[in-house]
Amino acid sequence: MSSLLQAASGSPEQSTSPLAVSPPLEQMGTRGLFKSYYKGTLGIPVLQGIHLSVHEGEFLSIVGQSGSGKSTLLHLLGTLDQPDAGEVYFEGNRIDNLPSASCDLLRNRHFGMVFQFYHLLPEFSALENVLTPALIAESTLGYWRKRKQYRRRAEELLELVGLSDRMKHKPREMSGGEMQRTAIARALLAEPSVLLADEPTGNLDRATGEQIMQMLRELNQEQKLTIVMVTHDPWIAEQADRVVRLGEGQIQTA
Amino acid sequence: MYKLLLCWRYLRTRYIALVCIVSVTLGVATMIVVNSVMAGFTNEMQSRLNGMLGDLVFECRSLDGVADAKLHMAKIRKATGDAIIGMSPTVSVPALMYIDVMGPNREIQAMTKPITLVGIEQSTYADVSDFDDYLQHPSNRQQLEFKLRNGGYDVYDHQAEDNENAKPRKQMERAGWPYRRYKASLLKQRELIAGREKASIETPESNLPKNPFGPANDQAEGRDFDPATEQHPGIVLGIGTCSFRGTDGTDQFFALPGDDVRVSFPKASLPPEAISEFYTIVDVYESKMSEYDANFVFVPLRSLQQSRGLIDPTTGIGKFSSIQIKLRPGADANQVRDQIREAFPPHLYVVSTWRDKQGPLLAAVQMEQAVLNVLLFMIIAVAGFGILAIFTMIVVEKTRDIGILKSLGASGRGVLGIFLGYGLSLGILGAGAGAGLGLLFVKYINEIADLLGRITGQPVFDPSVYYFYKIPAVVYPQTVAWICLGAIAIAVMASILPARRAALLHPVKALNYE
Ligand SMILES: Nc1ncnc2c1ncn2[C@@H]1O[C@H](COP(=O)(O)OP(=O)(O)OP(=O)(O)O)[C@@H](O)[C@H]1O
Ligand SMILES: [Mg+2]
């Protein structure tokens with residue numbers, strides 16, 4: 001938190017800016033992204049040509065009114081949904097038209113996702129929830145072989161988010177903040193390169209929200225984790241390196 | 001890995017699913033019990049049926065038989081090679097048997113029974129059937145001789161596995177020579193008394209020919225027959241012809257080894273002429289097939305041939321009516337039957353396997369079992385629909401979790417696997433519990449039947465109806481395996497639809513599902 005300005009702050013909106021001495025590498029990006037939801041034949045346009053670049057190690061927040069399509073955009077970035085038109089890039093490769101198996105792999109290894117409603121599995125304890133990406137990635141035998149390693153890593157992560165005394169707790173036995181911290185630990189298990197967070201503080205009170213934000217900032221700074229966070233709270237958004245506004249289906253310059 | 005873990009967690013937390021496998025459990029248990037008991041009955045019946053008949057029966061169509069069993073047996077052996085390990089000629093004839101019993105006013109009266117009189121060669125008959133094992137005297141079981149024993153007839157049913165259920169046959173204690181001597185002396189006394197009474201009214205001696213131990217066979221030998229020291233040709237009765245089973249399960253005999261019976265049958269002459277012979281009961285057999293036990297009565301082959309006039313006076317060769325054949329274990333009975341059929345003119349001889357002979361009965365039992373199985377499997381199918389309904393509910397309930405898993409990189413196939421695995425484990429659990437329950441039930445079926453009988457006051461399994469003391473049950477492991485596999489397959493099939501639904505869920509829609 002002390003090194004808030006240390007990261008490539010003030011980086012220009014476009015990576016192609018002639019002012020940048022060494023243009024920061026684009027880690028994720030979208031080109032002319034369109035997405036509509038259809039009710040019968042009537043289409044509701046949500047995203048209408050989104051151009052967005054996320055740089056390596058950047059903490060980007062996307063703000064916008066409720067219903068502006070922030071979640072939709074984040075889902076497209078995370079390959080949870082397909083755009084109607086346009087492209088999504090990740091580390092230089094197009095990822096919006098990949099076969100589903102590759103998308104599964106991307107989500108499992110390269111993206112960490114955090115949601116407003118935590119989305120923990122109610123049957124699993126905190127520790128098991130954190131381990132879920134590993135459980136999904138590995139075959140039974142493979143997991144069994146590496147179970148000690150994974151367990152240690154999950155415990156470390158829970159410790160990192162300050163939940164070393166809640167490992168055996170089921171989600172319903174935890175507070176909202178604890179659940180969100182568990183979700184963050186889960187998102188970090190596979191050592192992803194990008195963290196996609198959809199209103200991570202949306203369901204929490206101010207103080208708890210601040211805790212979560214501090215944690216994200218630390219992760220961004222200390223582990224150079226790229227974070228894309230969606231929020232409608234300007235005060236939360238401001239804590240990121242860069243804020244972009246989503247409105248009328250397009251990125252509006254702040 | 002998450003599939004296993006989630007299945008396991010769902011198993012432990014969704015008790016509603018456990019409720020729906022109860023029907024699988026019950027279905028499997030019922031199927032196992034019914035199949036085991038029916039297999040038990042069939043088995044028992046088949047071994048009894050086969051035990052009395054040879055594996056193959058070679059019969060001539062004429063009641064009076066044809067001459068020279070030796071010649072025929074040689075021809076049969078030539079036609080079949082080494083498939084046959086034993087043959088025994090027999091003569092059988094429908095007959096009437098008269099047993100002297102005590103009437104209501106202590107007078108002696110003859111009880112008449114229609115029977116089939118079978119003449120057997122005691123040296124070879126044991127080679128072709130289990131008849132020996134059914135006899136009541138231990139020594140006769142070793143080697144049947146048509147001679148009355150001194151005593152020692154089994155007081156218990158030696159075929160009962162334990163004597164607990166078999167009621168003792170007290171009357172058998174007396175059977176044998178001492179009993180015969182006692183009866184003879186009793187008769188003499190009666191005669192004396194009758195003679196004295198008659199003497200006081202009429203002239204004596206008129207009652208001599210009426211002697212029930214009449215000198216029928218011995219007239220030819222031209223001397224008096226002393227029932228206290230001599231016996232007529234031996235006869236082995238079916239237990240059903242000389243006893244009845246009381247309501248309490250005890251066998252009440254009205255004729256014992258040592259008693260004499262009279263048997264009337266036609267002579268093989270034209271015009272037929274009925275003759276009546278005396279025989280001394282030397283033993284009783286119990287095959288536990290009432291059809292046999294109440295019908296067949298065995299005497300020595302030679303003596304029956306003689307009585308019926310089946311022996312050629314010049315050559316001394318007797319006629320036979322059928323040859324019982326025992327096959328080498330593993331030999332194909334149908335094939336051997338066809339070989340023999342080809343070797344003999346079909347209008348004179350019938351060759352059949354014991355299965356052919358009991359065809360309708362066996363077919364009926366098999367049919368019954370098949371129908372029952374279909375009906376019971378329906379129960380499990382109904383359970384399958386229960387699983388389908390409950391799984392659909394669970395998938396709806398778990399929609400968000402499915403979305404979470406997908407957002408974490410779980411594939412559609414992986415999600416499919418969770419629910420198929422869930423169905424599979426429910427099926428295994430249900431079938432396993434059902435198999436355990438069913439096998440336990442089968443193991444204690446008689447105790448359970450007793451208990452039920454005691455509670456309802458009406459015996460479930462009435463030993464006076466059946467010739468078994470206990471409900472026979474045979475568990476075939478492969479039947480159990482098939483039933484379990486079927487139940488598991490149904491459980492998995494029922495979970496396919498909900499699992500597919502789960503697999504095809506859109507991750508975003510699933511995540512936002514309320
Ligand atoms: N599955 C859907 N079917 C139809 N319309 C949808 C669907 N999902 C979203 N929408 C519509 O798309 C628009 C954008 O939704 P989205 O969830 O992206 O907004 P948001 O910016 O995340 O809003 P919030 O801040 O409330 O989360 C909304 O108007 C919503 O009604
Ligand atoms: Mg949203």
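So that the names make sense, note that chain A is the first sequence line, chain B the second, and so on, each numbered from 1.
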- Message: I'd like to know if the side chain of B/Q369 pairs up with that of B/N35 as donor and acceptor (distance under 3.5 Å, no hydrogens or angles considered).
- Response: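 The answer is yes; a qualifying pair exists.
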- Message: For the residue pair A/E248 / A/Q48, report whether a side-chain donor-acceptor contact shorter than 3.5 Å exists.
- Response: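 A/Q48 vs A/E248: no donor-acceptor pair found between side chains.
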- Item | cation_pi(B/K509, B/Y513) dist<6.0 Å, angle<=45 |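 Here B/K509 fails the 6.0 Å and 45° test against B/Y513.
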- Please assess A/E178 against A/R166 for the test salt bridge (charged side-chain N to carboxylate O under 4.0 Å, His left out), listing each intermediate value before the final yes or no. CA-CA 8 Å; A/E178 286 164 347; A/R166 294 282 190 283; 3.0 Å; yes
- Could you please state which residues from residues 103-124 of chain A sit under 4.5 angstrom from chain B, measuring non-hydrogen atom to non-hydrogen atom, sorted by number, or 'none'?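 So far as heavy atoms go, A/D104, A/R107, A/N108, A/M113, A/F115, A/F117, A/H119, A/L120, A/L121, A/P122, A/E123, A/F124 are the residues that approach chain B to under 4.5 Å.
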- Message: With salt bridge (charged side-chain N to carboxylate O under 4.0 Å, His left out) as the criterion, how do A/E191 and A/R153 come out once you've worked through the C-alpha distance, each side chain's angles and the decisive distance to 0.1 Å?
- Response: CA-CA 10 Å; A/E191 302 183 357; A/R153 168 135 180 87; 3.7 Å; yes
- Measure distances from B/I404 to the heavy atoms of chain A and classify the residue's part below 4.5 Å as side chain, backbone, both or neither.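 Looking at B/I404, just its side chain touches chain A.
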- Message: Less than 4.0 angstrom from a charged side-chain N to a carboxylate O is my criterion; do A/R151 and A/E155 meet it?
- Response: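 A/E155 and A/R151: salt-bridged.
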- Inspect the surroundings of CZ in A/R94 and state if more than 12 heavy atoms from other residues, nucleotides or ligands are less than 6.0 Å away.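 More than 12 heavy atoms, drawn from other residues, nucleotides or ligands, come within 6.0 Å of this atom.
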- Query: Under a 4.5 Å heavy-atom cut-off, does chain B meet the side chain of A/S100, its backbone, both or neither?
  - Reply: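 It is neither, since no heavy atom gets under 4.5 Å.
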